Amino acid sequence: MARIFCVANQKGGVGKTTTCVNLAAALHQAGQRTLLVDLDPQGNATMGSGVDKRALEKSVYHLLVGLAGLEQARATSPSGGFDILPANRDLAGAEVELVDLERRENRLRDALKAFDDDYDFVLIDCPPSLSMLTLNGLCAAHGVIIPMQCEYYALEGLSDLVNTIKKVHANLNRDLKIIGLLRVMFDPRMTLQQQVSAQLEGHFGDKVFRAIVPRNVRLAEAPSHGIPGVVFDKSAKGAQAYMAFADEMIERVRTL
Ligand code: ADP
Ligand code: MG
């Protein structure tokens, strides 16, 4: 049975896509059968996985509106080895089209169901909004991974997301839970980040992952080569952190 995780945070630029691509590649390296679903019309996870978003015949858009099945829409990341359900600008149109379709919040969940035995992990890269696309991600998932920067306003932004997750849990998806908070782009030299990090641990206890992803330029350089950071420079501190995070995820799913 595939374990399905949504990587979500309604803020942009907080490391969702970086987390998805690197976790997918690290899980693949650890022998886990992994599918990455790009649910952002920007297609950053697609490009960062080495799949050209401008050359897609079928994409996650076709899957959501019923014009293709997973079999036709999925590709394999040439650099990362994992499977990917790619996205590009077509997906922006799905937002409007979905409104008129049956089971509009459950389109992704329904499409993935037949492939439950193909994967150990499915990771969903959400757009920076609490939109119909994100809702499809949350309805398909067993859990949410929330990447966050340890900044002053981080906790404030978190409450909107936590409320949304609670509503989805209550009304649409009883399986959904918060798996954990992942500290990313961490700079241990900054006292404020240390303080917020300690605050998070105090508030959320073991919902905060042990792995901490540092700010690391190699992780930021990798996407322009279409290569996941953990493959691009696996000795870099950022890559090491994502590999440790993958091990932690493998350990966590055993307890779910
Ligand atoms: P999101 O998907 O939430 O918008 P991204 O993963 O695209 O965020 O990250 C935003 C920017 O920050 C990108 O340019 C990315 O390369 C960079 N970035 C992400 N994580 C790190 C990190 N740990 N260290 C350095 N740069 C990072
Ligand atoms: Mg992104």
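Just so you know, ligand 1 is whichever comes first in the structure, and atom 1 is the first atom listed for that ligand. Quick caveat, the model's predicted, so the values are computed rather than measured. Numbering of residues begins at 1 and proceeds along the displayed sequence.
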H142/F5 aromatic ring centres below 6.0 Å: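 No; F5 has its ring centre 6.0 Å or more from that of H142.
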
N, O or S atom of T17 closer to the Mg ion (ligand 2) than 2.8 Å: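 Checking the Mg ion (ligand 2) against T17, an N, O or S atom does fall under 2.8 Å.
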
Protein residues having a heavy atom less than 4.0 Å from any atom of ligand 1: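 Heavy-atom contacts below 4.0 Å: G12, G13, V14, G15, K16, T17, T18, M185, V213, P214, R215, N216, L219, A220.
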
By side chain to side chain contact (heavy atoms under 4.5 Å, CB included) - contacts of K234 (at least two apart):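 Side chain to side chain contact (heavy atoms under 4.5 Å, CB included) list for K234, sorted by chain: M243.
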
Salt bridge check: are [X] and [Y] linked by an N-O gap of less than 4.0 Å?
{"X": "R33", "Y": "D120", "result": "yes"}
{"X": "E251", "Y": "R254", "result": "no"}
{"X": "E201", "Y": "R183", "result": "yes"}

Test item: side-chain donor near acceptor, D83 and T76, under 3.5 Å: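 Yes, side-chain donor-acceptor contact under 3.5 Å.
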
